[in-house]
Engineer: 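Handing you this structure, nothing more for now.
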Amino acid sequence: MALAPIDRATLAYLALALGFTLVHGPHQLPAGVLLPLALVLAAVVAGWIAPRARRGGPLGRFLGEFYPLVLTIGLYTHVGLVNAARGVSYDALVQGWEQALFGTQPSLAWIRAFPGPVWSTLMHAAYLSYYLILVAAPLAPWLARRRDAARATLLLTMVAFYLCYAIFLVFPVAGPRYAFAPARNAATAVPAAWLVHRVLEGGSAWGTAFPSSHVAAALVAAVCALRFVRPLGAVLLPLALLLTLGTVYGQLHYALDALAGAALAALVLLAGRRAGYDAGTQVQIEALTPGAHR
């Protein structure tokens, strides 16, 4: 059965991830078996189940398009487990670049120099908007029956994720949350900051800082929303920009992580535009996606 572009992108990343897992991942049981098996099962979803689901009813078509967003949860965790087993970190190198470029460590200094509760609340709340951005950007056009726009948004967002995850495997950076002692001041006492750190304690992955996938994916999704559902994009894009600042202010990413994430987002969006994944490209996107006309 023919694969959609998002299936091929997913399978390409899974092949790379499997190779890194076999070489650098944990070899002791049960992780040494379960991690490769999980990637194989994900490949079955992308290469066999999803294409068939898209030829089913409305629920099948929805799941067949949106499944990569669900996979990102497991793939993100997988990267952290592989990097932890590998035990290599390039934080010192990134910190050196940061010091040379800014003359300081912005992720360490900013929240300590400006610990205002109102600003901190804005920054940490914007960071949490990441989940809203990722879901709303493709879901809104899907519900409006603009399936081409939803597919383009999902594809470009997932390409941003997969590129970030591939870089994490090659160039693991733990980030300032692990490298520096946490700030303890009025900025970290606000409820939004507490919630961010509770979320990260339950779901962060080691070695996944550079480039920031939060910044890259959120910016790609928000710009797609601005292209396809302008009122929604007018809300999501400012949130994504504030999120970019929040990753640094909250000592969650180095400034260069955020800048690299933004640069990667720009490259993905430019490549998507040149490939025709843009507003008004329904014919091309649907032609490449089996079952798209249903």
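Positions are given from 1 along the sequence. Reckoned from all heavy atoms, side chains included, excluding hydrogens, waters and symmetry mates.
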Engineer: Which Ile, Leu, Val, Met, Phe, Trp or Tyr residues join Phe114 in one cluster when any pair of side-chain heavy atoms under 4.5 Å counts as a link?
Structural biologist: Trp110, Ile111, Trp119, Leu122, Met123, Leu242, Leu245, Val248, Tyr249
Engineer: Closer than 3.5 angstrom, by distance alone: can the side chain of Asn83 be matched with the main-chain N or O of Gly80 as a donor-acceptor pair?
Structural biologist: no
Engineer: Between Ser107 and His253, is there a side-chain heavy-atom distance shorter than 4.5 Å?
Structural biologist: no
Engineer: Sequence neighbours left out, what passes side chain to side chain contact (heavy atoms under 4.5 Å, CB included) with Ala43? Give chain and number order.
Structural biologist: Leu11, Leu14
Engineer: Check whether Thr77 reaches the backbone of Ile73 with its side chain - one donor and one acceptor, N or O, closer than 3.5 Å.
Structural biologist: yes
Engineer: Using only atom types and a distance under 3.5 Å, with no angle test, would you say the side chain of Arg86 pairs donor to acceptor with the backbone of Gly25?
Structural biologist: no
Engineer: Looking only at atom types and distance, does a side-chain atom of Arg61 sit under 3.5 Å from a main-chain N or O of Arg55, one as donor and one as acceptor?
Structural biologist: no
Engineer: For Glu98 and Leu108: C-alpha separation, side-chain torsions, deciding distance, then whether side chain to side chain contact (heavy atoms under 4.5 Å, CB included) applies.
Structural biologist: CA-CA 11 Å; Glu98 198 111 318; Leu108 182 66; over 6 Å; no
Engineer: Only pairs at least two apart or in different chains count here, so list each salt bridge (charged side-chain N to carboxylate O under 4.0 Å, His left out) that has a residue in residues 244-273.
Structural biologist: Arg273-Asp278
Engineer: Taking Thr188 for the side chain and Asn185 for the main chain, is one N or O donor matched with an acceptor at less than 3.5 Å?
Structural biologist: yes
Engineer: Apply side chain to side chain contact (heavy atoms under 4.5 Å, CB included) to Met158 and Leu69, showing your working.
Structural biologist: CA-CA 8 Å; Met158 292 312 305; Leu69 279 182; 4.0 Å; yes
Engineer: Residues in side chain to side chain contact (heavy atoms under 4.5 Å, CB included) with Pro238, at least two apart?
Structural biologist: none
Engineer: Quick one: sort the Phe66 and Phe62 rings into parallel, tilted or perpendicular, breaks at 30° and 60°.
Structural biologist: parallel
Engineer: Are the side chain of Thr10 and the backbone N or O of Ile6 linked by a donor-acceptor pair below 3.5 Å?
Structural biologist: yes
Engineer: Rest of the hydrophobic cluster containing Val118 (Ile/Leu/Val/Met/Phe/Trp/Tyr, side-chain heavy atoms under 4.5 Å)?
Structural biologist: none
Engineer: Transitive ILVMFWY cluster of Leu41 at side-chain heavy atoms under 4.5 Å: who else is in it?
Structural biologist: Leu37
Engineer: Suppose we screen for ring pair (Phe, Tyr, Trp, His ring centres under 6.0 Å). Which residues come up paired with Tyr67, at least two apart in sequence or across chains?
Structural biologist: none
Engineer: Apart from Val190 itself, what residues make up its hydrophobic cluster when side-chain heavy atoms of I, L, V, M, F, W and Y under 4.5 Å apart count as a link, directly or indirectly?
Structural biologist: none
Engineer: Identify, with sequence neighbours excluded, every residue that meets ring pair (Phe, Tyr, Trp, His ring centres under 6.0 Å) alongside His27.
Structural biologist: none
Engineer: Would you give the length of the straight line joining atom CG of Leu39 to atom CG of Leu34, rounded to the nearest 0.5 angstrom?
Structural biologist: 11.0 Å
Engineer: Counting N and O atoms only, with roles assigned by atom type, does the side chain of Ser120 sit under 3.5 Å from a partner on the main chain of Pro117, one being a donor and the other an acceptor?
Structural biologist: no
Engineer: For side chain to side chain contact (heavy atoms under 4.5 Å, CB included), just list the numbers for Tyr13 and Leu169, CA-CA rounded to whole Å, side-chain angles, deciding distance to a tenth of an Å, and then say yes or no.
Structural biologist: CA-CA 11 Å; Tyr13 172 73; Leu169 290 169; 3.8 Å; yes
Engineer: Please list all pairs meeting salt bridge (charged side-chain N to carboxylate O under 4.0 Å, His left out) that have one or both residues in residues 100-128, counting only residues at least two apart or in different chains.
Structural biologist: none
Engineer: Enumerate the residue pairs fulfilling ring pair (Phe, Tyr, Trp, His ring centres under 6.0 Å) with a member in residues 76-108, sequence neighbours excluded, ordered by first and then second residue.
Structural biologist: Tyr90-Phe171
Engineer: Examine the side chains of Tyr127 and Thr247 and answer whether a donor and an acceptor come within less than 3.5 Å of each other.
Structural biologist: no
Engineer: Return yes if some donor-acceptor pair links the side-chain N/O of Arg8 with the main-chain N/O of Leu3 below 3.5 Å, else return no.
Structural biologist: yes
Engineer: Looking at residues at least two apart in the chain, or sitting in another chain, which of them share a side chain to side chain contact (heavy atoms under 4.5 Å, CB included) with Arg230?
Structural biologist: Leu226
Engineer: Go through Gln105 and Gln95 one step at a time and tell me if the side-chain hydrogen bond (donor to acceptor under 3.5 Å, both in side chains) criterion holds.
Structural biologist: CA-CA 7 Å; Gln105 300 291 324; Gln95 290 170 16; 5.4 Å; no
Engineer: Short question: side chain of Asp91, backbone of Gly175 - any donor-acceptor pair under 3.5 Å?
Structural biologist: yes
